[in-house]
2 protein chains.
Amino acid sequence: MQEIELTHVDCADCPIRHRAVCARCEAPELDQLEEMKYYRSFEAGQTIAWTGDKLDFVATMVSGIATLSQTLEDGRTQMVGLLLPSDFMGRPGREVASYDVTATTEVVMCCFRRRPFEELMRSTPHIAQRLLEMTLDELDAAREWMLLLGRKTAREKIASLLAIIARRDASLTRGVPSGRMEFDLPLTREAMADYLGLTLETVSRQVSALKREGVIQLAGKRHVSVPDFDRLMLETGDDTDGGMPV
Amino acid sequence: MQEIELTHVDCADCPIRHRAVCARCEAPELDQLEEMKYYRSFEAGQTIAWTGDKLDFVATMVSGIATLSQTLEDGRTQMVGLLLPSDFMGRPGREVASYDVTATTEVVMCCFRRRPFEELMRSTPHIAQRLLEMTLDELDAAREWMLLLGRKTAREKIASLLAIIARRDASLTRGVPSGRMEFDLPLTREAMADYLGLTLETVSRQVSALKREGVIQLAGKRHVSVPDFDRLMLETGDDTDGGMPV
DNA sequence: CGTTCGTTTGAAGTTAATCAAGACGAGTGG
DNA sequence: CCACTCGTCTTGATTAACTTCAAACGAACG
């Protein structure tokens with residue numbers, strides 16, 4: 001696993017500090033974290049961990065996108081999680097990776113040595129409380145995703161994925177999602193298929209169909225613009241009354 | 001909502017005390033919990049909460065089975081969680097139900113008034129730590145389920161569900177799952193379909209197929225016996241090397 | 001200029017959904 | 001005891017959705 005060694009960044013200057021697992025930590029706790037942390041980076045396409053690997057660290061995503069996925073005996077794979085900046089990877093109390101973790105883009109992670117981190121979690125409640133919040137949010141996202149996998153049509157799945165990416169993009173820059181929106185797809189067609197429980201051909205066909213009907217426009221294969229976000233939302237099959245569980 | 005009023009049970013005598021959210025609580029914390037708790041029971045088929053309902057309590061399942069489910073505009077529904085004895089319902093910090101919660105069998109819950117419970121969580125780390133563990137386990141289960149929903153065939157889905165129920169049943173009574181096993185299905189065909197992202201007709205057909213081929217035997221519609229658990233496992237599509245993530 | 005990777009598109013094949021009867025079992029009431 | 005009903009489940013025929021297999025396109029790269 002070739003990696004680039006990174007210079008140390010002060011927690012105080014960290015871009016995702018207020019959203020990560022360390023969000024509620026004060027100066028003395030941050031000092032402890034500083035001591036057990038180190039940065040690692042991974043190239044696009046590189047595997048960060050295989051299921052069953054022993055991991056001697058847990059980590060926070062600093063930049064880039066990574067995926068969690070599971071595979072059946074015969075190679076069918078399903079993505080089960082998406083790691084975005086500020087997301088947490090690894091499980092305190094478990095030494096072994098439960099999923100394949102893969103860098104989709106170039107990724108930088110802030111890693112904490114497992115033992116000291118677990119010790120810190122026991123001694124300071126802030127971290128466990130924050131991690132609980134983040135885990136509950138992930139569980140909600142996983143359940144939304146289960147509805148998509150179990151009950152949505154291919155077209156609805158694609159529309160839902162586009163809406164999710166558009167919404168996340170908007171929350172980082174502009175404000176409320178509405179009207180015209182533009183963004184880049186951070187995933188290949190195959191990765192989209194693994195996310196949605198489809199084949200890559202079906203993904204391609206449905207994207208083409210949405211384009212043909214004017215729900216979206218494409219510039220190149222990856223840049224999407226949505227002329228009318230509400231129109232896209234209609235295609236997702238979700239409740240219209242905007243009842244996202246926060 | 002008609003309910004039966006229940007007599008108070010001491011935490012010390014509680015059958016699921018060592019597995020629930022209060023598992024790590026000591027005497028003084030249990031005393032605080034005693035003060036904010038009350039029991040409620042629900043009949044089979046009764047709705048415990050609708051999505052969007054304001055809930056002034058969180059709760060631990062004492063006995064029975066309940067389901068969490070989500071519904072699309074046009075009525076397609078997907079089960080997203082199963083509440084078994086000792087499982088926790090509700091989210092600290094959220095006033096509103098995110099899912100429809102339905103009693104499948106008769107259900108008894110140990111409810112905690114929301115405000116005092118949240119206060120207790122802030123003041124004592126044991127509860128948050130235990131809830132974090134339980135939530136991480138649920139997240140693992142949800143991701144296993146996503147693999148099932150996204151990538152398994154109807155036959156594999158049915159086999160997987162039967163294996164899950166058989167395994168849970170064994171863990172409550174006997175030891176390691178193997179050889180001959182028997183259990184009752186706690187779900188109707190329709191509930192199984194909502195769990196697996198199938199129609200009830202497909203569920204019925206695949207159950208019949210597994211019976212026809214001798215993988216399972218049926219006594220009545222609900223009582224299943226599995227002559228050879230390993231044979232059933234082969235039908236699930238999962239890795240054979242028994243790598244369940246704990 | 002040829003190769004590779006990601007993608008699109010077409011034709012054929014398969015799975016599971018849908019539509020439609022009917023069977024079974026457990027009450028209920030005459 | 002029997003006829004009736006209701007909910008649940010099974011089975012069959014047909015259809016729709018998605019996958020599979022196959023070919024080819026185009027941009028990026030050496």
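Numbers restart at 1 for each chain; the letters A, B, ... are given by sequence-line order, proteins then strands.
- A search for side-chain hydrogen bond (donor to acceptor under 3.5 Å, both in side chains) contacts involving A:Thr51 returns A:Asp100, not counting sequence neighbours.
- Interatomic distance, CE of A:Met79 versus CE of A:Met192, reported as 10.0 Å (0.5 Å rounding).
- Evaluation of the salt bridge (Lys or Arg N to Asp or Glu O under 4.0 Å) rule for B:Arg168 yields no partner, not counting sequence neighbours.
- The existence of a salt bridge linking B:Glu138 and A:Arg143 is confirmed by a sub-4.0 Å separation between a basic side-chain nitrogen and an acidic carboxylate oxygen.
- Applying the salt bridge (Lys or Arg N to Asp or Glu O under 4.0 Å) rule to A:Arg231 yields the partners A:Glu235; only residues at least two apart in sequence or on another chain are considered.
- Partners of A:Glu156 by side-chain hydrogen bond (donor to acceptor under 3.5 Å, both in side chains), not counting sequence neighbours, listed by chain and number: A:Thr153, B:Arg76.
- A search for salt bridge (Lys or Arg N to Asp or Glu O under 4.0 Å) contacts involving B:Arg151 returns A:Asp194, not counting sequence neighbours.
- Using a 4.0 Å cutoff to heavy atoms of chain B, the contacted part of DNA chain D runs 5' to 3' from D:dC9 to D:dA13.
- Within the structure, ring-ring contact (aromatic ring centres under 6.0 Å, His included) contacts touching residues 190-227 of chain A (residues at least two apart or in different chains) are A:Trp145-A:Tyr195.
- Heavy-atom distances under 4.0 Å link DNA chain D to A:Thr153, A:Ala154 of residues 146-162 of chain A, given in residue order.
- At a threshold of 4.0 angstrom between heavy atoms, the contacts of B:Gly45 with the nucleic acid are absent.
- Taking a 4.0 Å limit (strictly below) on heavy-atom distances, residues 76-84 of chain B does not reach DNA chain D anywhere.
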Notebook entry, point to check: Can you give one letter per nucleotide of nucleotides 3-9 of chain C, 5' to 3': B if a protein heavy atom sits under 4.0 Å from the base, S if only from the sugar-phosphate, - if neither?
Noted result: ----SBB

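- Of all non-hydrogen atoms in A:Ser160 and A:Leu148, the two that sit nearest each other are CB-CD1, 3.6 Å.
- Distance, A:Leu198 CG to C:dT15 C1': 14 Å, rounded to whole Å.
- A side-chain donor from one of A:Arg94 and A:Ser98 sits under 3.5 Å from a side-chain acceptor of the other.
- Residues satisfying the side-chain hydrogen bond (donor to acceptor under 3.5 Å, both in side chains) test with A:Thr188, not counting sequence neighbours, are none.
- Look at B:Arg91 and A:Asp137 and you find a salt bridge, because one of the NZ, NE, NH1 or NH2 atoms lies within 4.0 Å of a carboxylate O, short of that distance.
- Among residues at least two apart or in separate chains, ring-ring contact (aromatic ring centres under 6.0 Å, His included) pairs with a member in residues 67-89 of chain B are B:Phe88-B:Phe117.
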